K.L.:
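Got a structure for you, written out below as structure tokens; questions coming shortly.
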Amino acid sequence: MAVSVDLLSNPVFVLGSFLVLFIFHNYLHKQPQHGKKYHPTAATVLHLLFNYDKLHDYMTTLSEKYKAYRLYNPVHGMVYTTDPVNVEYILKTNFKNYGKGYYIRSVTSDLLGEGIFTVDGDQWREQRKVASQEFSTKVLRDFSSVTFRTNTIKLGKILSQAADSNEIIDINDLFMKLTMDSIFKVGFGIELDNLGGNEEGVRFSLAFDDANNLTYKRFVDPTWKIKKFFNIGLEAELKRNLKIIDDFVYKVIQLKIEQMQMSKDESLLKKDDILSRFVEVHHNNPKYLRDIILNFVLAGKDPIAISMSWLIYELCKHPEIQEKVAKEILEALNVKSEEIIDVVDFIDRVTDSALEKMPYLHAALSESIRLYPALPMDPKVSFGDDVLPDGCSVKRGDMVAYMPYAMGRMKFIWGDDALEFKPERWLDQDGRYRQESPFKFTAFQAGPRTCLGREFAYRHLKIIASVLLGCFVFKLSNEKQVMSYRVSINVHVEGPLRVCVSRRSGFQNP
Ligand code: HEM
């Protein structure tokens, strides 16, 4: 056993074996197989490991050559596509044939259990039904808006102090804390207070982020199961993080169950948060509640923080666009240039109807999500043999992934200016926001499994952005800084995003 683990850790052995298999595989696939056609094999799964730090740019480069291609993997076939026609087929037309399957579930289930992100079939349908009902309730809408407003005020105050003291701040770190606090409050009715520096909250958040990254690494490491078995390397690290996460989450669940059981007067018990409503029905199943919590945190926290960070980064790189966004916000909120206002007064004006008068902000958000989609690559498993609309075959058990990150950079989809940050591409001649086909703009997925939180996400992004951009001007502390991303389940900003903030005229100390 020890010998095989040593060999698996030896890059020369692993690379050599792959090269031999790769050449053999290429030879086989060049032979006609009962008239079937397969996508060209562009590289091997090991190339993903070697290019891990710039994984999505690497996949984009391959996508510039082929709209769909295979990566050689001895375990199962891997097909990657940026072709909207294939994407529509996988996500909608033949939805039944493509799902998470055993492979994706086995990679993600230590972290996400049997939550909505890992299951298929009836299990998925049931959870989707309950979650859709939750998302459509007025209670959730109102409670989440209040929570995001309250936490945005906290963030506004931190930025005010930074503006007064000319302090450089890491806005990415603040967004991660803001969204963790907000999602925890909406999901579980608990003040985590990451923004205020609560130690336990910060510890949980770090463990969650690390577990998220380590889980993603499994997709490119064919030896992860062996490492898990021997509890070595990254798998040992993942196990430590999962323990921190589980200890914390089970404590939250226990507390919630006790609170609900102790409350004598049912009518006084507040059940605004999502966990309270699930506890009513599933209080005997803490594992199920744990999975719901973690899937909800994964769904809601990172995508909002990430989208805000990339938006601020792009607006720092394009100060003229930042001014245009701010002008629209101030007009929509009816803030006069001579008016003196603080963050609390400001947020009172950010009503739903005011947010609807901000199509340019909406466009700027879509533009940064197009270029930096929270989920850069989304793999599905083919449940049966199939032929994609481009005429190429996939076999039962093959993984077929569409790639929102690479798709956002394809000239054949967005035109020659695909790489430019240009909110105008989302507006019609009259300046009204124009929806794109979900099979071209795939950041929220599409078809029956489309993101359930899309409307929720835009509303919260617009609340945060309208307050921050209406009250402050942002600049990169180092204007030459070029941000890169960290590879994980979500496409995070790599490292700190250091910015300087100054007040807009008329905006005063709260
Ligand atoms: C910019 C923000 C967001 C983006 C880009 C985004 C993107 C996505 C994507 C790509 C999926 C499909 C994932 C998969 O294949 O497993 C998804 C699913 C989902 N999203 Fe979002 N999301 C965002 C925000 C949110 C928020 C804030 C929530 C809720 C709080 C949410 C709730 C969900 C849920 C419940 C699903 C699972 C749908 C299903 O499998 O039926 N999302 N989202």
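Worth saying up front: this structure is predicted, and the values here are computed from it rather than measured. In listed order, ligands and their atoms are each counted from 1.
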K.L.:
Quick one: look up the protein heavy atom nearest atom 15 (O) of ligand 1 and list residue, atom name and how far away it is.
P.N.:
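The closest one turns out to be Asp378 OD2, 2.8 Å.
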K.L.:
What is the nearest protein non-hydrogen atom to atom 27 (C) of ligand 1, stated with its residue, atom name and distance?
P.N.:
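Heavy-atom neighbour on the protein nearest atom 27 (C) of ligand 1: Phe456 CD2, 3.5 Å.
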K.L.:
Show me which atoms of ligand 1 lie under 4.0 Å from any heavy atom of Lys380.
P.N.:
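In order of number, 15 (O).
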K.L.:
Would you verify whether the NZ or CZ of Arg409 falls within 45 degrees of the ring axis of Tyr372 while also being under 6.0 Å from that six-membered ring's centre?
P.N.:
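Flagged: Arg409 positioned over aromatic ring of Tyr372.
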K.L.:
Would you mind checking which non-hydrogen protein atom is closest to atom 2 (C) of ligand 1, with the distance to 0.1 Å?
P.N.:
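For atom 2 (C) of ligand 1, the nearest protein heavy atom is Pro303 CB, 3.4 Å.
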K.L.:
Taking Ile463's backbone N and O only, do any of them form a donor-acceptor pair with Ser466's side chain (distance below 3.5 Å, no angle check)?
P.N.:
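Confirmed, Ser466 side chain pairs with Ile463 backbone.
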K.L.:
Give a yes or no on whether the ring-centroid distance for Phe95 and Trp124 is below 6.0 angstrom.
P.N.:
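That pair passes the under 6.0 Å test.
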K.L.:
With no hydrogens and no angle check, just 3.5 Å: does a side-chain donor-acceptor pair link Tyr485 and Asp57?
P.N.:
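The answer is yes; a qualifying pair exists.
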K.L.:
Quick one: does ligand 1 sit under 4.0 Å from the side chain of Cys451, the backbone, both or neither, non-hydrogen atoms only?
P.N.:
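Both backbone and side chain of Cys451 come within 4.0 Å of ligand 1.
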K.L.:
Heavy-atom pairs closer than 4.0 Å: do any link ligand 1 to the side chain of Arg125, the backbone, both, or neither?
P.N.:
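Neither part.
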K.L.:
Do me a favour and list the nearest non-hydrogen protein atom to atom 26 (C) of ligand 1 with residue, atom name and distance?
P.N.:
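Looking only at protein heavy atoms, the one closest to atom 26 (C) of ligand 1 is Ala299 O, 3.5 Å.
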K.L.:
Just to check, does Tyr458 reach to within less than 4.0 Å of ligand 1 when the distance is taken from its heavy atoms?
P.N.:
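Flag not set, Tyr458 not near ligand 1.
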K.L.:
Among Asn151, Asn194, Thr152, find the residue that satisfies the side chain to side chain donor-acceptor pair (under 3.5 Å) test when tested with Ser182.
P.N.:
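When Asn151, Asn194, Thr152 are each tested with Ser182, the side chain to side chain donor-acceptor pair (under 3.5 Å) holds only for Asn151.
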K.L.:
Is the number of heavy atoms from other residues, nucleotides or ligands within 6.0 Å of CD (Glu126) greater than 12?
P.N.:
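Not more than 12 within 6.0 Å, no.
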K.L.:
What atoms in ligand 1 come closer than 4.0 Å to a heavy atom of Gly300?
P.N.:
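Counting atoms of ligand 1 from 1, those under 4.0 Å from Gly300 are 26 (C), 27 (C), 30 (C).
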K.L.:
So does Glu420 get a backbone contact from the side chain of Asp417, meaning a donor-acceptor N/O pair under 3.5 Å?
P.N.:
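Flag not set: sc Asp417 to bb Glu420 has no pair under 3.5 Å.
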K.L.:
NZ of Lys96: more than 12 outside heavy atoms within 6.0 angstrom?
P.N.:
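Not more than 12 within 6.0 Å, no.
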K.L.:
Using a plain distance cutoff, I'd like to know if Ser307 has any nitrogen or oxygen under 3.5 Å from a nitrogen or oxygen of ligand 1.
P.N.:
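No; the residue has no nitrogen or oxygen that sits under 3.5 Å from a nitrogen or oxygen of the ligand.
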K.L.:
Ala457 heavy atoms, cut-off 4.0 Å: which ligand 1 atoms fall inside?
P.N.:
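So the atoms of ligand 1 that pass are 2 (C), 24 (C).
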K.L.:
Checking the N or O distance criterion of under 3.5 Å, is ligand 1 in contact with Arg449?
P.N.:
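Such a contact does occur with ligand 1.
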K.L.:
Apply the test side-chain contact (heavy atoms from CB on, under 4.5 Å) to residues His39 and Val400: give CA-CA distance (whole Å), side-chain angles for both, the deciding distance (0.1 Å), then the verdict.
P.N.:
CA-CA 11 Å; His39 297 102; Val400 184; over 6 Å; no
K.L.:
Please confirm whether Thr442 comes within less than 3.5 Å of ligand 1 when only nitrogen or oxygen atoms on both sides are compared.
P.N.:
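No.
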K.L.:
Return the option from Lys100, Arg128, His460, Arg454 holding the heavy atom at the smallest distance from atom 38 (C) of ligand 1.
P.N.:
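The residue whose heavy atom sits nearest atom 38 (C) of ligand 1 is Arg128.
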K.L.:
Around atom 36 (C) of ligand 1, find the nearest protein heavy atom and jot down its residue, atom name and distance.
P.N.:
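Among all protein heavy atoms, the one nearest atom 36 (C) of ligand 1 is Phe117 CZ, 3.6 Å.
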K.L.:
Relative to Tyr80, does Lys67 satisfy both conditions: NZ or CZ under 6.0 angstrom from the six-membered ring centre, and within 45 degrees of the ring's axis?
P.N.:
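No, Lys67 does not sit over the ring of Tyr80.
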K.L.:
Taking the cut-offs as 6.0 angstrom to the six-membered ring centre and 45 degrees off its axis, would you call Arg349 and Phe346 a cation-pi pair?
P.N.:
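Here Arg349 fails the 6.0 Å and 45° test against Phe346.
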K.L.:
Just jot down the ligand 1 atoms closer than 4.0 angstrom to any heavy atom of Ile304, in number order.
P.N.:
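Those of ligand 1 that fall under 4.0 Å from Ile304 are 27 (C).
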K.L.:
Nearest protein heavy-atom contact for atom 4 (C) of ligand 1: which residue, which atom, what distance?
P.N.:
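Ranked first by proximity to atom 4 (C) of ligand 1 is Phe444 CE2, 3.4 Å.
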K.L.:
Determine, using heavy atoms of Ala443 and all atoms of ligand 1, whether some pair is separated by less than 4.0 Å.
P.N.:
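For ligand 1, residue contact (heavy atoms, under 4.0 Å) with Ala443 is present.
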K.L.:
In a check of salt bridge (charged side-chain N to carboxylate O under 4.0 Å, His left out) between Glu235 and each of Lys217, Lys225, Arg218, Lys228, which one passes?
P.N.:
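When Lys217, Lys225, Arg218, Lys228 are each tested with Glu235, the salt bridge (charged side-chain N to carboxylate O under 4.0 Å, His left out) holds only for Arg218.
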K.L.:
Which residue owns the protein heavy atom closest to atom 12 (C) of ligand 1, what's the atom, and how far is it?
P.N.:
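Looking at atom 12 (C) of ligand 1, the protein heavy atom closest to it is Gln445 NE2, 3.5 Å.
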K.L.:
Just need the protein heavy atom nearest to atom 28 (C) of ligand 1, so name the residue and atom and give the distance.
P.N.:
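Of every protein heavy atom, Gly453 CA, 3.6 Å lies nearest to atom 28 (C) of ligand 1.
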K.L.:
Which atoms from ligand 1 have a heavy atom of Phe135 less than 4.0 Å away?
P.N.:
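Result: 29 (C), 30 (C).
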K.L.:
Is a donor on one side and an acceptor on the other found under 3.5 Å between the side chain of Lys100 and the backbone of Phe117?
P.N.:
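Flag set: sc Lys100 to bb Phe117 pair under 3.5 Å.
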